[in-house]
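Accompanying notes for the structure given below.
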Amino acid sequence: MGLLDSPEISTEGRKVTHVRVDRIGSAGAKSLWWVALAFEDGSTKPSGMFTDRDSAHQLGSELAASWGVDVHVTHVV
């Protein structure tokens, strides 16, 4: 868990619209959080996966600040 490297997905020439912070799983008191850049065409570039909300939100906030966009949080599960 932690930062994800996805070099095969380029940001070159693509507009980042927001940063996604999604809770994609939960079991009891545990959760699984996915963080990704979201592009104008609806595709994403994974940036991190965490088992705690705070770490996911921290990365999401850092990415949003660097791209000048908002963070969208979704509780999928």
Side-chain angles (χ1 to χ4, degrees):
M1 296 295 140
L3 297 177
L4 298 175
D5 187 22
S6 50
E8 68 282 354
I9 303 171
S10 175
T11 58
E12 188 78 28
R14 301 175 82 184
K15 181 179 179 182
V16 176
T17 58
H18 63 281
V19 175
R20 293 178 56 163
V21 176
D22 300 338
R23 186 180 76 178
I24 60 171
S26 78
K30 298 277 186 184
S31 295
L32 185 59
W33 293 85
W34 178 69
V35 180
L37 298 176
F39 300 111
E40 192 170 40
D41 65 2
S43 63
T44 58
K45 178 180 176 84
S47 299
M49 189 164 293
F50 301 91
T51 56
D52 67 286
R53 178 185 181 275
D54 292 342
S55 295
H57 279 264
Q58 180 179 349
L59 176 59
S61 295
E62 290 170 4
L63 288 169
S66 70
W67 285 94
V69 296
D70 294 327
V71 175
H72 295 194
V73 178
T74 304
H75 294 100
V76 177
V77 176

Measuring from Asp70:CG to Arg20:CZ, what's the distance to the nearest 0.5 Å? 15.0 Å

Within 6.0 angstrom of Glu12 CD, more than 12 heavy atoms from elsewhere: no

Would you name the heavy atoms of Trp33 and His57 that are closest together and state the gap between them? CZ3-NE2, 4.2 Å

Please report the interatomic distance CD(Glu8) to OG(Ser10), rounded to the nearest 0.5 Å. 10.5 Å

Any chain of hydrophobic side-chain contacts (each under 4.5 Å) joining Phe50 to Leu32? no

Return the minimal non-hydrogen interatomic distance between Val19 and Ala64, and the atom names on each side. CG2-N, 3.6 Å

Is there side-chain contact between Val73 and Arg53, with at least one heavy-atom pair below 4.5 Å? no

So how far is it from Ser47 OG to Leu63 CG, rounded to the nearest 0.5 Å? 5.0 Å

Rounded distance (nearest 0.5 Å) linking atom OG of Ser31 with atom NE2 of His75: 7.5 Å

If only atom types and distance count, is the side chain of Lys45 paired as donor or acceptor with the main-chain N or O of Leu37 below 3.5 Å? no

Report whether Val16 and Ile9 are members of the same hydrophobic cluster (ILVMFWY, side-chain heavy atoms less than 4.5 Å apart, transitive linking). yes

How long is the gap from OG1 on Thr17 to CH2 on Trp67, to the nearest 0.5 Å? 11.0 Å

Shared hydrophobic cluster for Leu59 and Ile24 (ILVMFWY, side-chain gaps under 4.5 Å): no

Is it the case that the side chain of Thr74 and the backbone of Asp22 share a donor-acceptor pair, with hydrogens and angles ignored and the cut-off at 3.5 Å? no

Identify the heavy atoms of Thr44 and Phe39 that sit nearest to each other, and give their distance. C-CE1, 3.9 Å

Out of curiosity, does Val71 fall in the hydrophobic cluster containing Leu3 (side-chain heavy atoms, cut-off under 4.5 Å, transitive links)? yes

